[in-house]
Amino acid sequence: MKAQTEQRTGLLYGFGAYGMWGLVPLFWPLLKPSGAIEILAHRMVWSLAVVGVALLAMRRWGWIRELLRRPRKLALTALAASVISVNWGLYIWAVNNGAVVEASLGYFINPLVTIAIGVLVLGERLRRAQWAAVGIGVAAVLVLAIGYGRPPWISLVLAFSFAAYGLIKKKLNMGGVESLAAETALLFLPALGYLLWLGAQGRSTFALDDPGHSWLLAATGLVTAIPLICFGAAAIRVPLSTLGLLQYLAPVFQFGLGVVYFHEAMPPERWAGFSLVWVALALLTWDALRTARRSRARLAEAGASASTAAATPGGTTTTAGEAAVAAEVAGGTEVAGAVHGAPEPPPTVATPAREPA
């Protein structure tokens with residue numbers, strides 16, 4: 001009963017996290033006339049303030065000393081901060097310049113890009129269904145390039161930067177709140193310096209006569225931190241495969257807002273390109289769920305066999321737990337393929353923990 005309650009709570013947190021990430025295009029236009037770089041700088045500064053309060057409440061500070069003692073990990077954190085800055089900044093610019101649909105495409109194709117990076121960088125092997133999904137994804141990008149009259153560069157930069165960010169986070173292996181605190185701490189001084197320079201040039205929008213605008217800029221910290229905290233709460237309560245399926249809520253909401261609310265054009269060739277992407281994602285999801293079921297069945301069979309052998313006189317002394325571990329190792333490629341995929345996140349179904357723009 002308690003486990004079911006925890007899972008329901010986790011699902012609510014997951015819906016909350018990805019729902020907020022999906023609806024965030026409604027927020028960035030409220031910050032005009034601030035430019036994308038100014039908004040990004042405020043997001044960095046105020047996110048550190050919000051996360052600092054969260055860490056103070058949780059009393060989690062030990063990771064800072066460990067991070068400072070490991071230069072390589074600190075350098076990777078700086079690289080992650082730089083990559084996510086590109087992702088955040090471009091996403092804000094895209095939303096405020098009428099490219100919400102193209103931005104949503106970036107997060108639709110992100111799982112496919114993550115798989116490609118897994119093959120090229122990590123040497124992972126793909127199943128036939130995964131190869132087919134990647135091939136369909138490439139075809140979709142070509143169709144969209146013809147439709148746009150150019151490559152969908154906003155989508156591609158968002159997808160590749162987010163996938164690269166996920167790869168770095170996988171190597172860092174830090175908690176969501178801690179990693180966001182470290183990244184924003186490294187970005188704090190450059191961001192604050194830029195905001196002070198804007199103020200000195202008389203180009204800052206923070207001190208406008210409308211105090212509501214200043215409060216909205218300060219709220220960028222909450223817009224960044226709250227979904228991430230919900231994501232962290234969901235991640236410890238629901239299976240990774242479930243969390244991976246929930247991640248598609250964000251680009252679905254973004255796409256819907258772009259078409260219905262912002263009234264962005266969707267000529268037939270764009271519908272064709274997006275349809276191909278959705279077919280690729282459906283194939284990817286089906287393959288991942290099928291693989292996860294097979295892996296669970298193997299583990300169950302191994303556990304049952306081990307229990308039978310242990311109960312038989314003169315039988316093997318292998319325990320059920322040892323057999324399950326052996327089965328997991330034997331099916332490791334399939335298990336990894338089921339959950340690796342592409343915010344913190346990324347997924348054939350699920351993505352490394354990371355936060356979308």
Side-chain angles (χ1 to χ4, degrees), residues 14-30 36 87-115 133-134 136-163 166 223 227 230-231 243-286 341-343 345-351 354-357:
F15 278 114
Y18 286 108
M20 284 184 278
W21 279 325
L23 296 175
V24 77
L26 296 173
F27 179 72
W28 303 126
L30 300 177
N87 186 276
W88 284 358
L90 179 59
Y91 185 81
I92 294 168
W93 181 89
V95 170
N96 285 352
N97 284 273
V100 176
V101 169
E102 189 174 349
S104 74
L105 176 64
Y107 295 106
F108 276 125
I109 66 175
N110 172 252
L112 303 173
V113 173
T114 302
I115 288 176
V134 172
I136 295 171
V138 172
V141 171
L142 292 176
V143 170
L144 288 164
I146 294 172
Y148 280 104
R150 57 169 175 79
W153 66 269
I154 293 174
S155 306
L156 293 173
V157 173
L158 288 175
F160 276 92
S161 61
F162 204 35
V223 169
C230 289
F231 174 84
L243 203 61
L245 292 174
L246 289 177
Q247 75 170 341
Y248 295 129
L249 286 175
V252 165
F253 286 172
Q254 293 164 11
F255 176 81
L257 286 174
V259 174
V260 178
Y261 182 81
F262 293 103
H263 304 292
E264 294 185 16
M266 281 294 293
E269 56 271 21
R270 291 187 193 172
W271 280 113
F274 271 86
S275 297
L276 285 173
V277 170
W278 295 330
V279 168
L281 292 179
L283 180 60
L284 206 59
T285 301
W286 168 79
T348 14
V349 165
T351 70
R354 59 187 188 228
E355 64 280 0

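Heads up: numbering here begins at 1 and tracks the sequence.
- Here CG of Leu158 is found 4.5 Å from OH of Tyr107. Values are rounded to the nearest 0.5 Å.
- Going from atom CH2 of Trp28 over to atom CG of Asn96 covers 9.0 Å, rounded to the nearest 0.5 Å.
- The nearest pair of heavy atoms linking Gly273 to Ala140 is O-CB, 3.4 Å.
- Among all heavy-atom pairs drawn from Gln247 and Pro111, the shortest one is NE2-CG, 4.1 Å.
- Shortest non-hydrogen contact noted between Tyr91 and Pro25 is OH-CG, 3.1 Å.
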message: As a quick check of understanding, evaluate side chain to side chain contact (heavy atoms under 4.5 Å, CB included) for Phe262 and Val101, giving each step before the final call.
response: CA-CA 9 Å; Phe262 293 103; Val101 169; over 6 Å; no
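- Atom CZ of Phe274 has more than 12 heavy atoms from other residues, nucleotides or ligands within 6.0 Å.
- Atoms CD1 and OG1, from Ile109 and Thr114 in turn, are 10.0 Å apart once rounded to the nearest 0.5 Å.
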message: Using side chain to side chain contact (heavy atoms under 4.5 Å, CB included), reason through Val24 and Trp21 one step at a time and then give a plain yes or no.
response: CA-CA 5 Å; Val24 77; Trp21 279 325; 5.6 Å; no
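- The salt bridge (Lys or Arg N to Asp or Glu O under 4.0 Å) analysis of residues 247-266, with sequence neighbours excluded, yields no pairs.
- Between the side chain of Asn110 and the main chain of Gly106, no donor-acceptor pair closer than 3.5 Å is present.
- In this structure, Ala145 and Pro151 approach most closely via the heavy-atom pair CB-CA, 3.9 Å.
- The minimum heavy-atom distance between Val100 and Val95, with the atom names listed, is CG2-CA, 4.0 Å.
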field: side chain to side chain contact (heavy atoms under 4.5 Å, CB included) between Met20 and Phe231, worked out
entry: CA-CA 10 Å; Met20 284 184 278; Phe231 174 84; over 6 Å; no
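- Every pair tested for side chain to side chain donor-acceptor pair (under 3.5 Å) that includes a residue from residues 268-282 fails, sequence neighbours excluded, so the list is empty.
- In this structure, CG in Leu26 is found 5.0 Å from CG in Leu257, a value given to the nearest 0.5 Å.
- The stretch residues 148-159 participates, sequence neighbours left out, in these side chain to side chain donor-acceptor pair (under 3.5 Å) pairs: Glu102-Arg150.
- In plain terms, the two heavy atoms of Phe108 and Val252 that are nearest each other are CZ-N, 3.7 Å.
- Between Leu105 atom CG and Leu156 atom CG the span is 7.5 Å, to the nearest 0.5 Å.
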- request: Check the pair Phe162, Val113 against side chain to side chain contact (heavy atoms under 4.5 Å, CB included), reporting the backbone distance first and the verdict last.
  value: CA-CA 9 Å; Phe162 204 35; Val113 173; over 6 Å; no
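- If you take CG on Leu276 and CG on Leu281, they are separated by 11.0 Å, rounding to the nearest 0.5 Å.
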